[in-house]
Asker: 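First the structure, which I've put down as structure tokens, then a few questions once you've had a look.
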Amino acid sequence: MPIYLDGLVRQVTDVLSENLIHLPESLQNLAQNLGHSPFYREQVVKVSSNRQRQEIINSPHPSIILASSGMLSGGVSPLYARKILGESESALFLVGYQDAESPGRRLLELERGGEVMLPSNEGFEPVTALCYVSRYYLSAHADRIGILAHLSRHPSPRVYLMHGEGGARESLMATLKKDYFVKPIRNEMWVDLLEEITIPRLLEKQAGNGGNHTNIAAPLDQSGKIKRFRTDIDIVYRDDEVLLQLPEGIDVKGVIPEGRYRLTMTKSSFTRLELRELLESQAQESGQEEVDE
């Protein structure tokens, strides 16, 4: 049976098709054998017009339709849902997270024969749900443990929380504030990802009370701001020493103050080189014991 792609699914599929070099080798080989995108086969059709959309909706033949948004809150999915929900022999599957106020969440809570309000050109209109409704957990959203695990693998001094239940987001933000600059994001808010940020006071306090390192890959200047830069370096091995040679013209002392550092290596090779200052001077100034190496 045909598989129709509609809504943002089309653009996402096109982006993946244009970036096969970053996808698994098996997909690249398949694209070579087919001579075109591996995502578009004979039975996979990209919907390109309202007329085609109406033909699909009115067709008596079976088909599979993949359409956004997955919460039935907008896009073209409510258009298809109004038709599918009225057919007892059809099925509608939601994917991933469903916001508490979304039609998708309401639909999951319904029994067969109940009504759900779906968006239309006139606002919202009730639709009786007669078809089979279920859910697939294909969400790109991470839970609390998943987010913390991601940050441990890919450390960053700043975290922006953009989406999720209000209470859960506030709880996660309180946890992350211990080690990161955290900021919640609202609709239409502009964020400069390159601006300098101030390390949370709590982090500096913890670094002084026990010697924990700052969890950032750049030292602080006198104003407490992170100094960030990008440059090539030469790595020289000398017996049990590793020498990092920066290009001429860079104030090495201003970039990396004297002191002991922790070197982090990944996968037993220099796929990433990260220097984290142990900040022993703060620990000594605060009267704490010297950090064990």
Side-chain angles (χ1 to χ4, degrees), residues 1-17 20 23-24 26-27 30-31 34 36-143 145-146 162-165 168:
M1 66 180 70
I3 301 173
Y4 297 108
L5 307 185
D6 204 351
L8 281 176
V9 177
R10 299 169 300 178
Q11 287 92 320
V12 171
T13 304
D14 289 341
V15 169
L16 291 173
S17 300
L20 288 175
L23 299 181
S26 58
L27 279 176
L30 181 58
L34 293 174
H36 57 76
S37 167
F39 305 111
Y40 294 119
R41 317 286 184 85
E42 183 179 352
Q43 74 273 26
V44 181
V45 180
K46 182 165 60 171
V47 180
S48 57
S49 67
N50 286 327
R51 179 177 177 179
Q52 185 182 12
R53 196 170 290 128
Q54 289 300 325
E55 290 176 352
I56 295 169
I57 291 174
N58 296 327
S59 172
H61 303 295
S63 64
I64 297 172
I65 302 169
L66 305 180
S68 53
S69 99
M71 297 188 198
L72 298 177
S73 56
V76 296
S77 59
L79 187 64
Y80 292 107
R82 280 194 288 273
K83 173 69 172 177
I84 294 171
L85 286 173
E87 301 172 341
S88 59
E89 70 277 15
S90 296
L92 191 151
F93 298 98
L94 299 162
V95 293
Y97 174 79
Q98 300 293 313
D99 187 82
E101 303 299 324
S102 69
R105 172 72 72 86
R106 172 63 178 154
L107 185 59
L108 288 175
E109 296 169 348
L110 280 182
E111 295 183 0
R112 276 199 180 187
E115 286 189 345
V116 61
M117 301 295 291
L118 292 181
S120 66
N121 293 333
E122 289 75 31
F124 282 83
E125 61 181 28
V127 178
T128 303
L130 300 177
C131 75
Y132 175 75
V133 177
S134 189
R135 180 181 181 184
Y136 280 117
Y137 288 88
L138 301 178
S139 178
H141 295 265
D143 58 12
I145 295 177
M162 300 175 60
H163 193 53
E165 301 283 358

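The model shown is predicted, which means the values in this text are computed figures rather than measured ones. Values below: all heavy atoms of this structure, side chains included; hydrogens, waters and symmetry mates excluded.
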Asker: Any salt bridge between Arg105 and Asp99, counting N to O under 4.0 Å?
Answerer: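 Judged by the 4.0 Å cut-off on N to carboxylate O distance, Arg105 and Asp99 do not form a salt bridge.
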Asker: Between Leu72 and Pro78, which heavy-atom pair has the shortest distance, and what is it?
Answerer: O-CG, 3.7 Å
Asker: Minimum heavy-atom separation for Leu92 and Ile84, please, with both atom names.
Answerer: CB-CG2, 4.2 Å
Asker: Under a 4.0 Å threshold between the charged nitrogen and the carboxylate oxygen, would Glu101 count as salt-bridged to Arg106?
Answerer: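 No, no charged N to carboxylate O under 4.0 Å.
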Asker: Carefully, step by step, assess Arg41 and Leu34 under the rule side chain to side chain contact (heavy atoms under 4.5 Å, CB included).
Answerer: CA-CA 9 Å; Arg41 317 286 184 85; Leu34 293 174; 4.1 Å; yes
Asker: Just by distance, do the side chain of Ser59 and the backbone of Glu55 share a donor-acceptor pair under 3.5 Å?
Answerer: no
Asker: Heavy atoms, side chains only, cut-off 4.5 Å: are Arg112 and Tyr132 in contact?
Answerer: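 A side-chain contact exists here, since the closest heavy-atom pair is under 4.5 Å.
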Asker: Does the side chain of Leu20 come within less than 4.5 Å of Pro38's, by heavy atoms?
Answerer: yes
Asker: Decide yes or no for Ser77 and Met71: does some side-chain heavy atom of the first lie under 4.5 Å from some side-chain heavy atom of the second?
Answerer: no
Asker: Set out, in order, the CA-CA distance, both residues' side-chain angles and the distance that settles side chain to side chain contact (heavy atoms under 4.5 Å, CB included) for Leu118 and Leu85, then state yes or no.
Answerer: CA-CA 11 Å; Leu118 292 181; Leu85 286 173; 3.9 Å; yes
Asker: Per the side-chain contact (heavy atoms from CB on, under 4.5 Å) rule, which among Asn58, Asn50, Ile56 passes with Gln54?
Answerer: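 Only one of Asn58, Asn50, Ile56 forms a side-chain contact (heavy atoms from CB on, under 4.5 Å) with Gln54, namely Asn58.
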Asker: Output, in order, the C-alpha distance, side-chain angles, deciding distance and verdict of side chain to side chain contact (heavy atoms under 4.5 Å, CB included) for Leu66 and Asp6.
Answerer: CA-CA 6 Å; Leu66 305 180; Asp6 204 351; over 6 Å; no
Asker: Between Ala129 and Leu110, what is the shortest heavy-atom contact and its length?
Answerer: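 Closest heavy-atom pair between Ala129 and Leu110: CB-CD1, 4.4 Å.
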Asker: Can you confirm whether His61 is buried at NE2, in the sense that more than 12 heavy atoms of other residues, nucleotides or ligands lie under 6.0 Å from that atom?
Answerer: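 For His61, atom NE2 is not crowded (no more than 12 foreign heavy atoms under 6.0 Å).
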Asker: Looking at Ser102 and Gln98, would you say the former's side chain and the latter's main chain have a donor-acceptor pair under 3.5 Å?
Answerer: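 No; judged by distance alone, with no hydrogens or angles, the pair does not exist.
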Asker: Please examine the side chains of Cys131 and Val133, heavy atoms only from C-beta on, and report whether any two atoms are closer than 4.5 Å.
Answerer: yes
Asker: Would you call Asp14-Lys46 a salt bridge at under 4.0 Å N-O?
Answerer: yes
Asker: Measure the shortest side-chain to side-chain distance between Pro103 and Pro119 over non-hydrogen atoms and say whether it is less than 4.5 angstrom.
Answerer: yes
Asker: When rounded to the nearest 0.5 angstrom, what distance separates OG in Ser90 from NZ in Lys83?
Answerer: 8.5 Å
Asker: Show the nearest heavy-atom pair for residues Leu130 and Gly113, with the distance to one decimal.
Answerer: CD2-CA, 4.2 Å
Asker: Provide the closest heavy-atom pair for Gln52 versus Val47 in the form atom of the first, atom of the second, distance.
Answerer: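 Between these two residues, the closest heavy atoms are OE1-CA, 3.4 Å.
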Asker: Please assess Tyr40 against Val45 for the test side chain to side chain contact (heavy atoms under 4.5 Å, CB included), listing each intermediate value before the final yes or no.
Answerer: CA-CA 7 Å; Tyr40 294 119; Val45 180; over 6 Å; no
Asker: Any side-chain heavy-atom pair from Phe39 and Leu27 closer than 4.5 angstrom?
Answerer: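 Side chain of Phe39 against side chain of Leu27, heavy atoms only: contact under 4.5 Å found.
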Asker: Under 3.5 Å, side chain of Arg135 to main-chain N/O of Phe93, donor-acceptor pair present?
Answerer: no
Asker: Are Ile65 and Leu5 side-chain neighbours, meaning at least one heavy-atom pair lies under 4.5 Å?
Answerer: no
Asker: Has the side chain of Thr128 got a donor or acceptor atom that lies under 3.5 Å from a matching backbone atom of Glu115?
Answerer: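 Such a contact is absent between Thr128 side chain and Glu115 backbone.
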Asker: Taking the side chain as every heavy atom from C-beta outward, state whether Ile57 and Tyr80 have any atom pair closer than 4.5 Å.
Answerer: yes
Asker: Nearest 0.5 Å please: distance from the OG atom of Ser120 over to the CG atom of Leu79.
Answerer: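 Ser120 atom OG to Leu79 atom CG measures 10.5 Å (nearest 0.5 Å).
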